[in-house]
Undergrad: 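Let me give you the structure first, and then I'll get to my questions.
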Amino acid sequence: MNIHEYQAKRLFARYDIPIPGGDVATTPQEARQIAEKLGVPVVVKAQVLVGGRGKAGGIKLARNPDEAAARAEEILGMDIKGLTVEKVLVDEAADIQDELYLGVVLDRGNKRVILMGSSEGGVDIEEVAATSPEKIVRVTVEPLLGLREFQARQLAYGMGLDKGLVRQFVGIAQGLYRAFMENDASLAEINPLVVTGDGRLLAVDGKMNIDDSGLFRHPEIEAMRDTAEEDESERLAREAGLSYVDLDGEIGCMVNGAGLAMATMDIVKLYGGAPANFLDIGGGAKADKVAAALRIILSDPRVKAVLFNIFGGITRGDEVARGILEALSEIQTDVPMVVRLVGTRAEEGRQLLADAKMITAESLSDAAQKAVAAARGQLA
Amino acid sequence: MNIHEYQAKRLFARYDIPIPGGDVATTPQEARQIAEKLGVPVVVKAQVLVGGRGKAGGIKLARNPDEAAARAEEILGMDIKGLTVEKVLVDEAADIQDELYLGVVLDRGNKRVILMGSSEGGVDIEEVAATSPEKIVRVTVEPLLGLREFQARQLAYGMGLDKGLVRQFVGIAQGLYRAFMENDASLAEINPLVVTGDGRLLAVDGKMNIDDSGLFRHPEIEAMRDTAEEDESERLAREAGLSYVDLDGEIGCMVNGAGLAMATMDIVKLYGGAPANFLDIGGGAKADKVAAALRIILSDPRVKAVLFNIFGGITRGDEVARGILEALSEIQTDVPMVVRLVGTRAEEGRQLLADAKMITAESLSDAAQKAVAAARGQLA
Amino acid sequence: MSILVDKNTRLLVQGITGREGEFHTRQMIEYGTNVVAGVTPGRGGQEVAGVPVFDTVAEAVEKTGANASVIFVPARFAPDAILESAASGIPLVVCITEGIPALDMINVVTYLDEKGTYLVGPNCPGLITPGECKVGIIPGNIVMPGPVGIVSRSGTLTYEVIWALTARGIGQSTCVGIGGDPVNGLRFIEVLELFEKDPQTEQIVLIGEIGGTAEERAAEYIKANISKPVVAFVAGQTAPPGKRMGHAGAIISGGEGRAEDKIAAFEAAGVPVAEHPEQIADIIAEMRS
Amino acid sequence: MSILVDKNTRLLVQGITGREGEFHTRQMIEYGTNVVAGVTPGRGGQEVAGVPVFDTVAEAVEKTGANASVIFVPARFAPDAILESAASGIPLVVCITEGIPALDMINVVTYLDEKGTYLVGPNCPGLITPGECKVGIIPGNIVMPGPVGIVSRSGTLTYEVIWALTARGIGQSTCVGIGGDPVNGLRFIEVLELFEKDPQTEQIVLIGEIGGTAEERAAEYIKANISKPVVAFVAGQTAPPGKRMGHAGAIISGGEGRAEDKIAAFEAAGVPVAEHPEQIADIIAEMRS
């Protein structure tokens with residue numbers, strides 16, 4: 001789960017990381033009031049859970065409260081990569097002398113948490129990694145020891161930080177590490193970490209991703225979830241306990257198992273189609289879950305065909321068939337459907353679906369080709 | 001540093017360990033009030049930093065507030081192993097069905113923290129270890145992992161605990177472990193951990209020793225120090241930064257280095273004397289520290305001779321000599337003094353002391369023998 | 001021969017009294033797995049499917065000589081369960097449980113590495129040596145004994161491949177689902193090493209997916225160390241970056257984890273990459289003919 | 001020959017700009033120790049006693065090839081300093097600092113054990129190979145090169161013994177003060193093992209004290225593994241139980257740590273135990289005659 005910049009920074013502040021004064025506005029009037037209270041030039045920043053806000057015009061400077069209101073007016077309601085801006089953060093504009101990068105990430109290959117620092121802040125760290133990898137300094141955290149001060153200093157000196165800033169930096173690095181660990185993050189990032197004209201370090205932008213599996217012990221973070229930012233289908237799927245990702249294609253997919261679901265999407269593409277979604281109903285899904293899944297798929301107007309690929313192990317073919325029938329009993333649809341059922345109670349499932357005007361397939365290749373043809377109106 | 005039972009239990013309670021209701025009284029009237037408030041039979045317990053209170057008559061049952069006052073009257077002011085009882089703890093009397101032992105200690109040999117549990121509570125665990133070692137169950141905490149739930153369960157099942165009590169026990173074990181770790185303890189002990197008639201676990205007695213080296217980060221524990229319980233000489237020595245332990249003998253010892261100080265005590269004994277104290281002035285002591293040390297030694301009326309054994313490394317012989325002279329300029333004393341100075345600036349030191357009527361010695365054996373003789377009035 | 005589990009495996013089931021634990025215990029016994037013990041704290045002394053239940057793993061090991069464990073306990077208790085097995089000296093721990101926080105797993109795998117304990121999973125279907133021993137939830141009716149070793153980050157996708165192989169009359173030595181979590185136990189490399197040493201295994205199937213760099217590392221390792229033919233497949237070519245595709249570990253992020261990079265790495269290592277799951281079986285069949 | 005330090009030791013001093021650090025750096029240089037670097041964060045680029053100072057140990061090691069470090073930083077920074085040296089690949093770390101919390105040291109020594117880094121101390125005088133290299137604070141003017149290896153939990157008590165040996169014309173191979181803390185690095189056993197292998201060492205002196213069971217373990221080890229003659233001494237026969245005698249580790253508690261038990265253990269292992277420090281030299285002299 002991702003949280004907004006303002007949420008990440010407020011969380012960082014709880015770990016003694018200095019952030020600019022500021023607050024969130026949902027209207028230009030609120031933006032004006034915040035700017036008035038701050039009494040200094042401000043930056044108005046779109047709060048959307050997607051990268052590239054700056055390039056899209058979602059971050060603007062304002063010298064006074066009137067300008068702040070005007071900039072907020074421009075940004076609120078803006079569409080950034082398909083997401084509507086509902087909130088802006090109005091922050092004190094920092095006196096930026098230098099921009100650094102500091103991030104805590106999970107190094108999956110080495111099964112360790114690492115800290116990365118760079119003197120090249122304010123740009124995408126992946127870009128720095130690609131163009132000047134020597135500008136990125138890394139330290140690996142030993143699970144037994146946690147992040148040690150000497151490691152934070154190694155980062156600081158390695159980044160070529162001014163000696164007078166090292167102590168501040170060490171505090172920030174330790175705070176960011178704690179914020180990462182104590183909130184089950186998979187990413188905690190300050191970019192840029194700014195050196196101000198008067199020699200202070202300031203977290204001007206913040207980003208944090210939380211491990212979904214760890215959310216159960218952080219209800220206060222779960223409460224930060226911005227459902228307005230969430231795709232409607234993805235929200236419904238999450239509530240139904242389904243793993244769902246909305247995509248741009250025309251073939252809806254319902255599969256049991258994440259790897260098989262991806263492989264199903266891929267084979268649709270291989271045969272000339274495009275998947276409309278990733279959808280894993282999980283192991284042992286019952287009819288009601290299957291029905292919910294089908295309703296979500298069919299709610300997408302782009303969907304021109306549905307492909308069911310169920311390899312029964314714990315999941316039973318008859319349960320899946322019942323779920324399909326349940327959903328179809330409520331929804332009127334002309335969308336053609338291709339069903340491939342294999343494994344546990346597949347035969348019973350196929351019999352249940354015999355009257356439902358489904359296209360059946362034996363192999364996955366066969367099913368994918370039929371689904372692509374059906375979406376083109378060449379079948380059914 | 002040791003803390004009182006009532007302090008240990010209050011600390012345990014902060015880690016969700018159940019303790020009996022109760023409070024501390026310094027007068028019989030207070031004891032009566034506490035018993036009234038509790039409204040049940042109580043136990044009146046002497047709060048002294050020494051073992052064996054029970055056998056000494058320092059723990060008594062009282063069925064009502066009048067009895068509580070009477071028992072407090074008897075216990076307050078009592079002398080237990082040289083310490084005067086200044087406070088009593090008035091606790092609800094528990095309905096004791098069974099007595100267990102639970103302790104967290106540092107296993108020095110293996111450089112690990114271990115938990116020990118036993119179904120034989122209420123008696124000295126060393127006694128259990130000696131008589132029925134199979135009754136003690138141990139688990140070793142991996143530094144990487146901390147105390148894990150499965151380990152607490154292993155203890156519980158190993159102790160033969162009733163299954164219905166295991167969950168409570170696991171919580172108590174984890175609380176005690178955290179109390180140990182978060183307070184830099186060297187020992188945290190519940191003895192007995194009582195099983196009550198209504199199936200609850202209750203920490204009826206508690207003991208905690210704190211690592212002096214860790215005290216700097218626990219000012220709230222440092223504030224628990226009961227200076228009234230402390231030997232006056234030991235308090236003065238602590239304040240002067242000296243390592244001092246009061247003993248029963250007649251030969252005062254001043255030495256630099258802990259090992260050498262012990263060896264000096266031992267050799268005094270070897271030659272028929274008895275050391276009056278352990279005293280390590282530490283490395284590089286200046287004159288004022290030496291003077292403070294000598295004042296403390298001479299304040300002990302049992303002291304019949306003083307032995308200075310200084311092996312100069314960082315410590316300088318002339319500094320030690322100056323400290324001795326400084327102290328002697330203030331104190332009138334007839335106590336004979338034997339000085340052995342070796343190493344850094346020993347010669348200068350000896351010259352400074354030439355006029356001070358000191359007995360000098362070359363070797364440690366020589367010094368010890370002379371000190372023993374001097375204490376017997378056979379020298380000086 | 002085979003790897004990790006066989007006729008000599010004496011299996012302990014952690015969470016045996018739970019719904020899933022009991023169901024799969026029966027399935028494993030039915031397949032012929034020697035399930036010697038179950039563990040559920042507080043349920044010691046009971047029996048499930050004829051298997052004695054103990055309160056602690058230590059006691060179960062002592063009384064039954066269990067040498068492998070499989071875990072069916074909820075995510076918040078699973079790290080402790082893994083550690084309990086490892087601390088009790090069990091050399092192979094298989095964790096089926098999904099949804100364990102990644103940061104919890106860091107300490108767990110670090111401890112298991114120090115102990116030299118093998119961990120398969122978490123968030124995996126377990127493993128099966130056809131005709132000998134099933135540990136986990138891979139359907140026993142789709143496998144058959146034979147020469148192909150399978151290692152996979154996926155569950156049902158693996159079944160698909162096994163099915164395709166079996167349909168062509170090609171059996172498997174051992175099928176290992178290493179799981180879809182970002183921080184897990186055995187990775188491709190360790191399992192490849194075991195297959196390389198296993199005399200029964202003649203070809204190896206590696207099923208990867210987007211996320212992380214385990215496939216890239218595996219490709220390098222194969223080039224340097226594996227003499228047996230390997231066929232790879234990578235799921236998620238159509239997955240968008242930044243989105244978690246079901247498995248906690250199946251996400252393209254921080255510029256790493258793309259299917260195309262993984263496929264390129266295999267091709268650079270001379271490992272043929274199938275275009276779809278069933279094609280894996282075709283390639284293996286061709287290799288064997 | 002000798003153990004742990006010699007002419008090839010390239011020493012780094014952590015906390016070199018502090019009062020103690022600077023003083024002892026000068027003493028060590030004067031003795032002939034090759035002090036190649038100092039480290040104090042924020043003081044990189046300066047010089048102390050002609051020794052270049054760096055901000056981090058990693059940089060100091062890279063620039064100077066330091067292969068041992070000695071620590072003179074205050075107790076609350078010392079664990080970090082030890083870890084910094086170990087993490088930077090230095091194989092021998094000597095920590096003079098007194099007053100480090102015991103629980104901090106548990107994680108530190110666990111990490112160093114995993115890395116295979118030797119730690120001497122903390123709360124120790126360091127070590128000296130007479131005529132070659134002094135690391136720490138043992139006075140250089142009392143030692144002389146020779147055949148006796150010394151290992152001790154104490155500081156000045158060790159000087160006393162060295163002094164007595166030197167006075168009798170008996171030199172030392174290496175003198176190692178392992179320190180008086182309850183949780184420390186090298187123990188008697190590890191140092192005994194090194195002396196056993198060292199051709200220069202002909203006799204070994206072991207100086208123990210009350211607290212813990214290191215002496216009992218050493219006695220067992222000597223009986224089983226040490227062929228060279230060992231003389232022991234145990235300080236604290238007159239110490240009362242439950243009282244800390246200066247050193248954090250010198251306390252009789254929980255029924256363990258008594259001098260009489262330690263002496264009995266040595267005697268049972270056939271190790272002569274001196275009655276007082278000077279007698280150690282007498283016994284060694286007799287052995288050598």
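Below, read A as the first sequence line, B as the second, and so on, with proteins coming before strands; counting in each chain starts at 1.
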Undergrad: In terms of heavy-atom proximity below 4.5 Å to chain C, should A/E127 be classed as side chain, backbone, both, or neither?
TA: neither
Undergrad: Could you grab the distance from atom CE of A/M262 to atom CD of C/Q237, nearest 0.5 Å is fine?
TA: 11.0 Å
Undergrad: Heavy atoms only: give me the nearest A/G259-C/H247 pair and the separation to one decimal.
TA: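 Here A/G259 and C/H247 meet closest at N-CE1, 4.0 Å.
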Undergrad: So what's closer than 4.5 Å to chain C heavy atoms on A/L270: side chain, backbone, both or neither?
TA: side chain
Undergrad: Using non-hydrogen atoms only, which part of A/D211 is less than 4.5 Å away from chain C: side chain, backbone, both, or neither?
TA: side chain
Undergrad: Nearest 0.5 Å, what's the CD-CD1 distance between C/Q279 and A/I267?
TA: 9.0 Å
Undergrad: What part of A/N309 lies closer than 4.5 angstrom to a heavy atom of chain C: side chain, backbone, both or neither?
TA: side chain
Undergrad: If you compare all heavy atoms of C/H276 against all heavy atoms of A/Y271, which two are closest, and at what distance to 0.1 Å?
TA: NE2-OH, 3.7 Å
Undergrad: Please report the closest heavy-atom contact between A/P143 and C/T110, naming both atoms and the distance.
TA: CG-OG1, 3.6 Å
Undergrad: Chain C: which of A/D280, A/L106, A/D124, A/V105 shares the most heavy-atom pairs with it under 4.5 Å?
TA: A/L106
Undergrad: Is it the backbone or the side chain of A/A261 that comes under 4.5 Å from a heavy atom of chain C, or both, or neither?
TA: neither
Undergrad: So, for C/P101 and A/G214, which heavy atoms are closest and what is the spacing to 0.1 Å?
TA: CG-CA, 3.8 Å
Undergrad: Less than 4.5 Å to any heavy atom of chain C: does that hold for the side chain of A/L187, its backbone, both, or neither?
TA: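 Neither part.
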Undergrad: Could you tell me which portion of A/V113 (side chain, backbone, both or neither) has an atom closer than 4.5 angstrom to a non-hydrogen atom of chain C?
TA: both
Undergrad: Return the minimal non-hydrogen interatomic distance between C/T238 and A/D266, and the atom names on each side.
TA: OG1-OD1, 2.7 Å
Undergrad: Of all the heavy-atom pairs spanning C/G249 and A/R108, show the shortest one and how long it is.
TA: O-NH1, 2.7 Å
Undergrad: Hey, are C/R244 and A/S243 close enough side-chain-wise for a donor-acceptor pair under 3.5 Å?
TA: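 Looking only at side-chain atoms, C/R244 and A/S243 do not form any donor-acceptor pair under 3.5 Å.
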Undergrad: Can you say whether A/F216 sits under 4.5 Å from chain C via the side chain, the backbone, both, or neither, judging by heavy atoms?
TA: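 The side chain, not the backbone.
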Undergrad: Answer with side chain, backbone, both or neither: which region of C/P182 has an atom nearer than 4.5 Å to a non-hydrogen atom of chain A?
TA: both
Undergrad: Would you mind telling me which of C/V161, C/L157, C/T158 makes a side chain to side chain contact (heavy atoms under 4.5 Å, CB included) with A/L260?
TA: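 It is C/L157; the other options fail the test.
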Undergrad: Between A/R217 and chain C, with a heavy-atom cut-off of 4.5 Å, which part of the residue counts as in contact: side chain, backbone, both or neither?
TA: side chain
Undergrad: Go through the atoms of A/A130 and report whether side chain, backbone, both or neither lie under 4.5 Å from a heavy atom of chain C.
TA: neither
Undergrad: Can you label the angle between the A/F311 ring and the C/W163 ring as parallel, tilted or perpendicular, going by 30° and 60°?
TA: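 Plane angle over 60°, so perpendicular.
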Undergrad: Tell me, for C/E209 versus chain A, whether the close heavy atoms (under 4.5 Å) come from the side chain, the backbone, both or neither.
TA: side chain
